[in-house]
Colleague: 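Pasting a structure below so you can have a look.
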Amino acid sequence: MIIDAINKINPNAEVVVRGNNIDTCEIEWLNGTTPISKEDIKAMIPTVEQELKDAETKKINDKATAKSKLKALGLTDDEVEALQG
Amino acid sequence: MSKLETNTIDTISGSNTLTLGSSNLSTINMASGVSPGTGMGKVLQVVHGSTSTETNIQSTTYADTTLSASITPSSTSSKVLILISQQGRLRLFSTAELNSEMRILRDSTVIYTKGVTLNTRSGTGDGGANDHGSSVAIQYLDSPNTTSQITYKTQGKVDTTTPNNARVTFQLTSSNNSATGSSEITLMEVSA
């Protein structure tokens, strides 16, 4: 999550994050990447969390939509499940 | 206290067992630098290290994974058998192939490098990421040629961070589809 927040601020960042607590983690900036403050990263985390939740919700919804469309074409539940793996 | 000087101790005729001491014998010491010879015990000491610190490396430059252990060999002729089991996940947000490398260092000297290749599995991770999780096992026999304390550690990197923030994560602490858990390193000093 921390590194996702960093990428949101700087998509080209080359960075190492050791630990998953923003307050205690060690961040190493590499190959000339301009450091970002922990405060700025912390502020971006809720945005990233929401985007991940939205992406997960979209994935679930897309799966349900695909299933109903396939059933409308005449496939059985077992056939749809087989397709979805 | 008496001192016995000889160059051979053998069993008596008809016996194939040589016993030193009895039930009250608890310790046999050898002079500093003496190594067990052929047929004697070979493993002189074992050191273990582990880490569960999640480490994300999004860089083409090698960086520490937080896995390390230190040992002080008792003889310059000793070898050190390094056993590593490291949890890792490669992640990218495209269908391109991603390669990662791990290496072992003795202090600041690189002694072993191992390549790891991602087999793309579309959309298995958060936000449609392609993930490949696995436990990387490495065995390596080192000849450090020292009696000073030495530290072994692992480092990792990815061959590219593009497109879209490709990275490798060691000791992942949470995921739906990837290897998680701690990584372990065991060092065994083996006499020559």
Side-chain angles (χ1 to χ4, degrees), chain A residues 1-38 40-42 44-67 80-81 83-85, chain B residues 51-68 86-94 100 102 121-131 153-178 180-183:
Chain A
M1 194 62 68
I2 296 170
I3 202 163
D4 292 322
I6 290 170
N7 290 332
K8 193 76 179 165
I9 299 168
N10 178 4
N12 299 314
E14 290 216 20
V15 63
V16 180
V17 180
R18 298 183 182 91
N20 52 15
N21 181 321
I22 185 61
D23 294 318
T24 58
C25 71
E26 175 190 321
I27 302 176
E28 182 181 359
W29 304 96
L30 297 169
N31 295 337
T33 301
T34 302
I36 303 167
S37 71
K38 282 192 174 181
D40 288 347
I41 298 169
K42 205 170 186 175
M44 186 59 72
I45 288 176
T47 302
V48 173
E49 285 177 335
Q50 189 57 53
E51 285 183 356
L52 287 174
K53 281 180 189 171
D54 292 346
E56 190 59 33
T57 301
K58 181 178 183 305
K59 198 171 167 182
I60 293 167
N61 291 341
D62 285 349
K63 196 171 180 179
T65 305
K67 189 174 181 178
V80 171
E81 291 298 326
L83 281 175
Q84 292 182 329
Chain B
T51 179
S52 56
T53 301
E54 181 176 305
T55 301
N56 285 278
I57 299 176
Q58 182 178 287
S59 178
T60 55
T61 296
Y62 276 109
D64 293 350
T65 70
T66 74
L67 181 63
S68 70
Q86 186 136 26
Q87 303 297 328
R89 180 192 70 178
L90 286 166
R91 162 165 284 200
L92 77 168
F93 291 85
S94 73
S100 173
M102 276 181 61
R121 295 187 302 173
S122 180
T124 58
D126 300 329
N130 297 313
D131 287 347
K153 68 178 180 180
T154 61
Q155 293 185 324
K157 69 168 187 172
V158 286
D159 64 347
T160 179
T161 58
T162 57
N164 305 321
N165 311 122
R167 60 182 180 260
V168 58
T169 304
F170 295 101
Q171 299 89 233
L172 191 69
T173 52
S174 64
S175 175
N176 295 328
N177 298 293
S178 301
T180 61
S182 62
S183 296

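Note on naming: letters A, B, ... go to the chains in the order of the sequence lines (proteins, then strands), and numbering restarts at 1 for each one.
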Colleague: Taking only residues two or more places apart in sequence or in another chain, which ones pass side chain to side chain contact (heavy atoms under 4.5 Å, CB included) with A:N31?
Modeller: A:E14, B:S59, B:T60, B:T61
Colleague: Output all residues satisfying side chain to side chain contact (heavy atoms under 4.5 Å, CB included) with A:E51, sequence neighbours left out; order by chain, then residue number.
Modeller: A:K8, A:T47
Colleague: Any non-hydrogen side-chain atom of A:K53 less than 4.5 Å from a side-chain atom of A:Q50?
Modeller: yes
Colleague: Could you tell me if B:Q171 and B:S183 have a donor-acceptor pair between their side chains, going purely by distance under 3.5 Å?
Modeller: yes
Colleague: Among the options B:N56, B:I57, B:T55, B:T169, pick out the one with the most heavy-atom pairs lying under 4.5 Å from chain A.
Modeller: B:N56
Colleague: Given the options A:I2, A:N12, A:I3, which has more heavy-atom pairs under 4.5 Å with chain B than any of the others?
Modeller: A:I3
Colleague: Report the option among B:D64, B:T66, B:V158 that has the most heavy-atom pairs separated by less than 4.5 Å from atoms of chain A.
Modeller: B:D64
Colleague: A:V15, A:T33, A:L30, A:I6: which one forms the most heavy-atom pairs within less than 4.5 Å of chain B?
Modeller: A:V15
